[in-house]
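Below is one structure; the comments refer to it alone.
The analysis underlying the following values was restricted to heavy atoms, covering all of them including side chains, and did not include hydrogens, waters or symmetry mates. Letters A, B, ... are given to chains in the order of the sequence lines, protein chains preceding strands, and every chain is numbered from 1.
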Amino acid sequence: MDNQLITYFQDNVAPDKSEVRQIWGIFWGQLKIFMTYRTWVVTDTFNTIVSIAIYYFLSLQVQPSQIAASGYGTSYLAFSLIGIAFANYLWFCINRISHSMQSEIREGTFETIASSPIRMRSYLFGQAARGFLVGLYYMVGALAVGVYGFNAPLHFEPAALLTSSLVLVFMVLSHLGLGIFIAGIVLVYKQADPVTFMVSLFMEFFAGALFPLQLLSNYPPLAIASELMPYTYALDALRKSLIQGATLASQDILFDLAVLVVYAVILLPLGLWSFNVGYDRIRTEGTTSSY
Amino acid sequence: MNDHSIETIGITKEYPGKEKPLVAVDHTDLLIRSGELFGLLGPNGAGKTTLIKMLCTLILPTEGTAKVGGYDIVKEAAKVRETIGWLHGETGGRALYWRLSARDNLRFYAYIQNVPSDVARKRIEALLEFFDLKREADSLVKDYSTGMKVRVMLARTLLPNPPILLLDEPTVGLDAQTAIETRKLIQTLNRELHKTILLTSHNLYEVEKLCERVAIINTGKIVALGTMDQLAHLIHEAKTVEVRLEGTDGEAATQIIQQLDLIRRVMMSERSGDGWIIRAEVSDLDSAIPRIANALAGNFRIRGISEIRPHLEEIFVKITEGNNHG
Ligand SMILES: Nc1ncnc2c1ncn2[C@@H]1O[C@H](COP(=O)(O)OP(=O)(O)OP(=O)(O)O)[C@@H](O)[C@H]1O
Ligand SMILES: [Mg+2]
């Protein structure tokens, strides 16, 4: 019986070291795992719809002039819808990798990856790719529910969509760097969720996901905090393109994009560095698993 | 490059403990030759898993170095990972994706272990077949028994066909039938595919049956190393000979044996069924057997005279009993 098995192992096959294939493998496996959590998908979808409905009713109370003063049109629903729809991306960028890292260390699968030929960065990008896809599902879903269910006035012209997609890509890249950076810390301390929850909430709040940032202008320290958040620039560009129809021809959009690029260029290498430091630290402590 | 050996030079692992550091592996030198099936034994906490995890690049040594397949485990970790297959049976089937099926787990690991897809497809089916997982191959691993999970882990380890296998308690949790099959497989992998295998196990019978050479490690140090014969000699400087006689009165024969000069002492002399058994320590095995046969010839009917070898278990206990558990 084992002679038959042995025949499949006699030839010397050259390994397929393609990094794209490694990333695809992680993406594929993680997505398959995600799909087994059906109830989770259902409750999250439900939560998205409910929160949009809540903001719809809130929007009936907010004075259009307050929104208009910030340069994002006159609808609070459209304003907050962008905040909600893209918040998922913020959360996945910050949480995804730390969260998987923590559970893979607990389950012991992290060790099987760390002792395999796959490169760590392929693993990280594969995880990110799966988060990106699931984020897309919630984003498109939230926008569709807001626009078609509650009549939020958004621009879906090709130029606005193209602009916002580009902004999204750089928003993801800059925040991913931050997420990987946090993952490096989480590797060592193995407490992901409280940390990333605080960071995400903090960013969401200070970037003005749900209120115009003018409200912070009376509190200089808070205003400075909001100006330091890359998410602030992403939201600004997304709102200008999707609400006002601004394109890459707009100075404001180009400025926002430039800030995001700078953050991505700084944060991605910094993130990978922090991850490596954390990785070496747990290999020193012998805590690549915690079962 | 065809160097599939494992070599450690003064390798040491000190864990930063709460009060004082704990030395789990203590300046260990070990050379496992290319194509060898080598057993690593030791009581709980002796440092076996720590040593193996250093070899598979999951733990960084505090001091010393090691080469696996000719590659430095710290400086050339990526190369080492392409050369090894690691299995940690102690995890009890944890180190798998429980929310993927066995087949999907193997597909997943084919990607991250760089196994080309067409080859992977064939190997996965063959491995599922061999490990008797075909029927459940598409159910989620979380619903498997521990033994089934360990079989999936074994399949994963073999999938990339690595020349060096680091098998840390590969048969833990397997039923007798699967354990036997797995042992056979380990032997075949070594003999026919010339894999270098480092095996740890608390099943001494398994190690005795499979391994050419064995090292016993205790509190991080190698306390004995050699072939089974060499280890046996370590604890029995004098060898033991067993004489089986016909008839139920062996007292006279015992007297005669006792007087031979190469007999150190008679350890046992008693009736056994319809015969008699005498065991004696001798200083020289080769001449003892014919001398005893000569001395008894004529007066007694000899059923057999043979050497008694201690089992690995006996050796293991003798060697490690002096040391208290860490
Ligand atoms: N990450 C860690 N941090 C601190 N101490 C550790 C760590 N991992 C293992 N140890 C300690 O190091 C020693 C060696 O452990 P190891 O797991 O290598 O032993 P082992 O020989 O594999 O034992 P077993 O037969 O029980 O599997 C033990 O005293 C253990 O408690
Ligand atoms: Mg162990």
Under the ring pair (Phe, Tyr, Trp, His ring centres under 6.0 Å) test, which residues partner Phe197(A), sequence neighbours left out?
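So Phe197(A) forms a ring pair (Phe, Tyr, Trp, His ring centres under 6.0 Å) with Trp91(A).
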Is Thr188(B) close to Leu5(A) at the side-chain level, that is, under 4.5 Å between some pair of heavy atoms?
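In short, these two side chains do not touch, never coming nearer than 4.5 Å.
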Do [X] side-chain atoms and [Y] backbone N/O form a donor-acceptor pair below 3.5 Å?
X: Asn161(B); Y: Phe9(A); result: yes
X: Arg21(A); Y: Asn114(B); result: no
X: Arg123(B); Y: Tyr8(A); result: yes
X: Lys13(B); Y: Thr284(A); result: yes

Any residues in residues 145-157 of chain B near chain A, with a heavy-atom distance under 4.5 Å, and which are they?
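Residues of residues 145-157 of chain B touching chain A at under 4.5 Å: Arg156(B).
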How about residues 56-66 of chain B versus chain A: which residues have heavy atoms under 4.5 Å apart?
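Listed by number: Cys56(B), Thr57(B), Leu58(B), Ile59(B), Leu60(B).
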How far apart are the closest heavy atoms of Ser115(A) and Trp86(B), and which atoms are they?
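Looking at all heavy atoms of both residues, the shortest contact is OG-CE3, 3.6 Å.
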What are the two closest non-hydrogen atoms of Arg81(B) and Ser116(A), and how far apart are they?
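Closest heavy-atom pair between Arg81(B) and Ser116(A): CD-O, 3.4 Å.
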Counting only non-hydrogen atoms closer than 4.5 Å, does Val119(B) touch chain A with its backbone (N, CA, C, O), its side chain (CB onward), both, or neither?
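For Val119(B), side-chain heavy atoms alone lie under 4.5 Å from chain A.
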So for Ile84(B), is it side chain, backbone, both, or neither that comes closer than 4.5 Å to the heavy atoms of chain A?
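Looking at Ile84(B), just its side chain touches chain A.
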Measure the [atom1]-[atom2] distance between [X] and [Y] for me, rounded to the nearest 0.5 Å.
X: Tyr97(B); Y: Glu104(A); atom1: OH; atom2: CD; result: 3.0 Å
X: Tyr15(B); Y: Thr287(A); atom1: OH; atom2: OG1; result: 9.5 Å
X: Arg99(B); Y: Glu107(A); atom1: CZ; atom2: CD; result: 10.0 Å
X: Met35(A); Y: Leu100(B); atom1: CE; atom2: CG; result: 12.5 Å

Sequence-distant partners of Arg183(B), salt bridge (Lys or Arg N to Asp or Glu O under 4.0 Å), two or more places apart:
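With neighbours one apart ignored, the set is Glu206(B).
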